[in-house]
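The structure appears below as structure tokens.
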Protein chains: 2
Amino acid sequence: MPQRRARSSIQSVAAAAGVSPTTVSHALSGKRAVSAETRERILKAIEEQNYRPNMVAQSLRSQRTRSVALLLVDIANPYYPAVARAVHDALQAEGYVSFIGNTDGDADTERRLLTEMVARGVDGLVMQPMALSAAEVRELVGPATPLVITTTEAGDVPADSVLTDDVIGLGEAVDHLLQKGIHEFGFIGGLEGASAGPLRVDVFEAAIAAAGAQARDPWIEHAPFTREGGAAAAARLLARADRPRAILCANDLIAIGAMQAAHGAGLLVPEDVAIVGFDDIDTASLVTPPLTTVINPASAVGEACARTILWRVDSGPEAPYRRIVLPTRLVVRESA
Amino acid sequence: MPQRRARSSIQSVAAAAGVSPTTVSHALSGKRAVSAETRERILKAIEEQNYRPNMVAQSLRSQRTRSVALLLVDIANPYYPAVARAVHDALQAEGYVSFIGNTDGDADTERRLLTEMVARGVDGLVMQPMALSAAEVRELVGPATPLVITTTEAGDVPADSVLTDDVIGLGEAVDHLLQKGIHEFGFIGGLEGASAGPLRVDVFEAAIAAAGAQARDPWIEHAPFTREGGAAAAARLLARADRPRAILCANDLIAIGAMQAAHGAGLLVPEDVAIVGFDDIDTASLVTPPLTTVINPASAVGEACARTILWRVDSGPEAPYRRIVLPTRLVVRESA
DNA sequence: TAGGCGTAGCAAACCGATTTGCTTCCCTCC
DNA sequence: GGAGGGAAGCAAATCGGTTTGCTACGCCTA
């Protein structure tokens with residue numbers, strides 16, 4: 001039977017200072033006057049007992065936990081840590097802390113984490129849904145909790161959203177390749193079923209259409225967002241007799257896998273096949289050849305999510321919903 | 001003034017079912033008998049109101065939050081996400097969630113986060129101290145909260161610890177180089193003042209001594225754990241007339257920076273200077289030449305930390321302190 | 001001298017759950 | 001018929017704070 005030594009409480013401080021808990025509370029919050037002399041005694045008692053207010057009790061009373069849940073697909077995937085870090089930094093400045101949850105893009109896990117966090121009374125939720133729709137997420141969260149949907153269009157769901165305009169960067173990539181005389185574009189995107197999530201096929205198609213080029217169905221492959229997934233998908237693409245001259249990838253991991261597949265097939269990058277990634281993770285500039293990719297502003301996304309939550313906490317549910325869109329942009333290195 | 005619609009409480013469920021809150025609680029926990037018929041009514045009311053117990057209130061009453069704080073140097077640094085992920089996974093299985101905090105190796109931040117998390121009533125703390133000693137950490141946390149110190153020797157401080165035996169892997173690296181006829185070893189480690197933290201100079205010296213080789217002071221450089229830090233330190237080392245033939249680095253980021261510095265100085269890796277990293281982050285195998293490095297078992301470390309916290313929560317503070325040491329091992333690629 | 005006001009402090013209610021002690025009812029057994 | 005015991009449920013205390021209403025006192029002013 002573990003016996004846990006009790007932390008000092010407001011009661012014991014009050015007793016030591018010869019006052020009521022009320023007075024200690026007022027001395028600390030300043031919401032009502034406390035005589036200088038009494039305050040002295042209280043501060044001394046606090047010092048002696050090393051008293052720190054119990055935030056669980058405070059939260060119960062105030063109905064605010066000063067915490068935010070951040071539900072991402074997988075914190076171990078290299079794009080996300082930068083987002084998480086930015087969220088933390090922006091929240092921390094306001095005295096908030098954050099929970100992190102990994103959904104793995106699984107519907108049940110998304111549901112479970114969502115309700116768990118709501119039960120824990122988080123003041124806000126930042127979520128990147130993959131399996132669930134924005135509407136389902138709002139439904140599970142309830143109308144009261146501030147919710148920021150990221151990476152996925154929220155539509156008219158009552159939630160704020162932080163998005164990236166992927167068409168810009170991808171369009172730049174298409175233009176760049178067009179200028180080099182390349183017209184045959186392949187694409188490796190996320191899992192087939194996904195109704196939500198990062199950089200889906202339609203974005204690719206929009207970018208192609210905007211550039212006046214044309215996408216061909218057999219050149220579109222689906223793969224998990226990993227190096228292995230990218231390698232396998234690219235191998236299939238490159239084994240075709242009519243293989244594309246360029247492959248655009250939904251993230252850098254896929255792109256790096258695709259480069260490995262190209263090497264494996266004895267093809268040169270970018271001479272035989274140009275490869276473009278997405279995200280610009282650290283590794284992108286370090287591989288050989290350095291990856292041409294689209295910069296996905298992870299820190300800006302994280303910060304925008306955090307600021308939006310904080311803003312919504314202050315403004316209440318009545319304020320109109322915000323939709324923040326951040327630009328992406330191509331960085332040309334050597335793979336394309 | 002944000003008006004937050006109240007979540008349904010055990011009171012309202014009780015009212016709807018025509019029973020007292022006590023009975024609802026017992027129906028849910030099963031700690032006392034409730035008639036089948038009453039339970040029916042209660043479950044129906046719960047369903048209708050979509051009731052979920054408020055975990056803040058539960059925590060206040062039970063004095064347990066089912067949460068753990070994970071305080072790392074910087075989640076955006078590529079080694080840590082794998083640790084964090086493993087911690088999450090192991091905790092999640094037991095219904096725990098975790099807070100993450102970034103200390104940046106700063107003493108004040110370490111102190112602030114530590115007291116904040118204790119005030120939030122976390123059931124356990126996993127910390128990688130850089131500026132604070134294990135004793136100071138325990139002091140701040142108080143005797144009651146389970147504490148796992150990682151990466152730093154806890155000595156006889158009353159805390160559990162999870163460590164890696166860095167001398168093994170580093171020793172393998174030294175042996176490997178010795179066999180190649182290389183005897184002049186340089187080292188790039190963390191910041192000079194650090195009393196704690198990963199892979200300090202003494203580990204390098206121990207590995208060198210164990211191999212019967214000798215370390216030379218001017219070949220030891222200090223640098224932040226970043227690519228830029230590694231590049232700068234390596235540049236200094238390689239500019240010397242009597243430069244070392246091999247550079248061992250405290251992490252892979254430093255090593256990659258060192259490779260870039262070598263290229264910049266017109267030196268070939270590994271022919272002119274061999275470079276060995278530490279951690280085996282994803283990127284290590286993708287750079288050119290692929291980095292020879294020491295595998296730091298991030299997932300195993302994270303899992304061990306989580307399991308240790310859970311074990312200590314069950315066992316209470318009286319159980320003898322655990323010290324878990326995980327092995328490291330060299331993976332030879334092409335940089336050395 | 002009475003009225004008004006500001007200061008300082010305490011008691012009690014409250015947040016939303018769990019747990020303990022008690023009562024009531026009913027059945028069984030002697 | 002009374003004792004004993006189990007089942008079912010409620011009231012009240014508790015966790016550790018915050019907030020509100022109230023009182024007592026001293027001072028100022030009309």
Side-chain angles (χ1 to χ4, degrees), chain A residues 1 3-43 45-46 49-66 118-123 142 144, chain B residues 1 3-43 45-46 49-66 118-123 142 144:
Chain A
M1 190 67 75
Q3 63 133 38
R4 184 94 44 110
R5 207 181 70 188
R7 279 161 53 201
S8 120
S9 75
I10 200 171
Q11 314 284 341
S12 62
V13 168
V19 297
S20 75
T22 305
T23 307
V24 176
S25 177
H26 286 145
L28 286 175
S29 70
K31 298 213 168 174
R32 284 207 191 167
V34 171
S35 75
E37 167 188 27
T38 306
R39 187 197 324 282
E40 268 323 299
R41 287 209 315 282
I42 290 174
L43 292 179
I46 286 178
Q49 303 187 14
N50 191 29
Y51 167 72
R52 302 275 167 252
N54 182 324
M55 291 188 70
V56 174
Q58 286 181 322
S59 293
L60 178 59
R61 179 65 229 237
S62 67
Q63 301 293 82
R64 305 178 78 236
T65 54
R66 298 198 147 264
V118 172
R120 284 179 183 271
V122 293
D123 292 345
Chain B
M1 189 67 75
Q3 63 132 39
R4 186 88 51 104
R5 209 183 68 188
R7 278 162 52 202
S8 116
S9 74
I10 200 171
Q11 314 284 340
S12 61
V13 168
V19 298
S20 74
T22 306
T23 306
V24 176
S25 177
H26 286 146
L28 286 174
S29 69
K31 297 213 171 175
R32 286 209 190 166
V34 170
S35 76
E37 165 188 29
T38 305
R39 188 196 325 281
E40 269 323 299
R41 287 208 314 283
I42 291 174
L43 292 179
I46 287 178
Q49 304 189 12
N50 192 26
Y51 165 72
R52 301 275 168 252
N54 182 322
M55 289 188 69
V56 174
Q58 287 181 321
S59 292
L60 178 59
R61 177 66 229 238
S62 67
Q63 301 293 82
R64 307 180 76 236
T65 54
R66 299 197 147 264
V118 172
R120 283 179 183 270
V122 293
D123 292 345

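In what follows, chains are A, B, ... by sequence order, proteins preceding strands, each numbered from 1.
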Short heteroatom pairs, N/O only, protein and nucleotides 20-23 of chain C, under 3.5 Å:
unit_1	atom_1	unit_2	atom_2	d
dG21(C)	N7	R32(B)	NH2	3.1
dG21(C)	O6	R32(B)	NH1	2.5

Rounded distance (Å) that lies between atom P of dT14(D) and atom CD of Q11(A)
11 Å
Nucleotide dC15(D), atom C1' - distance to CG of L60(A) in whole Å
9 Å
Is there a side-chain contact between S25(B) and I10(B), using heavy atoms and a 4.5 Å cut-off?
yes
Could you tell me whether S59(B) contacts a base, only the sugar-phosphate backbone, or nothing, with contacts defined as non-hydrogen atoms closer than 4.0 Å?
nothing
Could you state the atom-to-atom distance from CD of E37(B) to C1' of dG9(D) in whole Å?
13 Å
S59(B) versus V56(A), closest heavy-atom pair with distance:
CB-CG1, 3.9 Å
Does a side-chain N or O of T23(B) approach OP1 or OP2 of dC10(D) to a distance below 4.0 Å, or not?
yes
Output the single nucleotide from dG9(D), dA7(D), dT18(C) whose closest atom is nearest the side chain of A33(B).
dA7(D)
At 4.0 Å (heavy atoms only), tell me whether V19(A) reaches a base, stays on the sugar-phosphate, or touches nothing.
sugar-phosphate
Quick one: label S35(B) by what it contacts on the DNA or RNA (base, sugar-phosphate, nothing), any heavy atom closer than 4.0 Å.
sugar-phosphate
What does S9(B) touch in the nucleic acid at a heavy-atom separation under 4.0 angstrom: a base, only the sugar-phosphate, or nothing?
sugar-phosphate
The residue, A57(A) or S29(B), whose nearest nucleotide of DNA chain C is more 5′ is A57(A)
Sidechain-backbone polar pair: R66(A) side chain, M55(A) backbone, donor-acceptor under 3.5 Å:
no
note: R41(A), atom CZ; dG9(C), atom P; distance rounded to Å ~ 7 Å
Would you kindly give the CZ-to-C1' distance between R39(A) and dA8(C), to the nearest whole Å?
11 Å
Which whole-number value in Å describes the distance from K31(A) NZ to dG17(D) C1'?
12 Å
side-chain N/O Q58(A) vs dT18(D) OP1/OP2, d < 4.0 Å:
yes
Between C1' on dC10(C) and CD1 on I10(A), what's the gap in Å once rounded to a whole number?
13 Å
For the student: nearest non-hydrogen atoms of R41(B) and A17(B), plus distance:
NE-O, 3.0 Å
For dA11(D), does either OP1 or OP2 sit under 4.0 Å from a side-chain N or O belonging to S20(B)?
no
Taking five pairs at each end, how big is the angle between the two axes of the helix from dT1(C)-dA30(D) to dC30(C)-dG1(D), to 10°?
60°
N50(A) CG to S8(A) OG distance, which is reported to the nearest 0.5 Å:
7.5 Å
Integer-rounded Å distance: dT19(C) P and L28(B) CG:
12 Å
Are Q63(A) and dC14(C) close enough that a side-chain N or O sits under 4.0 Å from OP1 or OP2?
no
Judged by atom type as modelled, is there a donor-acceptor pair below 3.5 Å linking the side chain of R120(A) to the main-chain atoms of T65(B)?
yes
Does R39(B) use its side chain to pair, donor to acceptor, with the backbone of V34(B) at less than 3.5 Å?
yes
Atom CG of L60(B) and atom CD of Q58(A): how far apart are they, to the nearest 0.5 Å?
11.5 Å
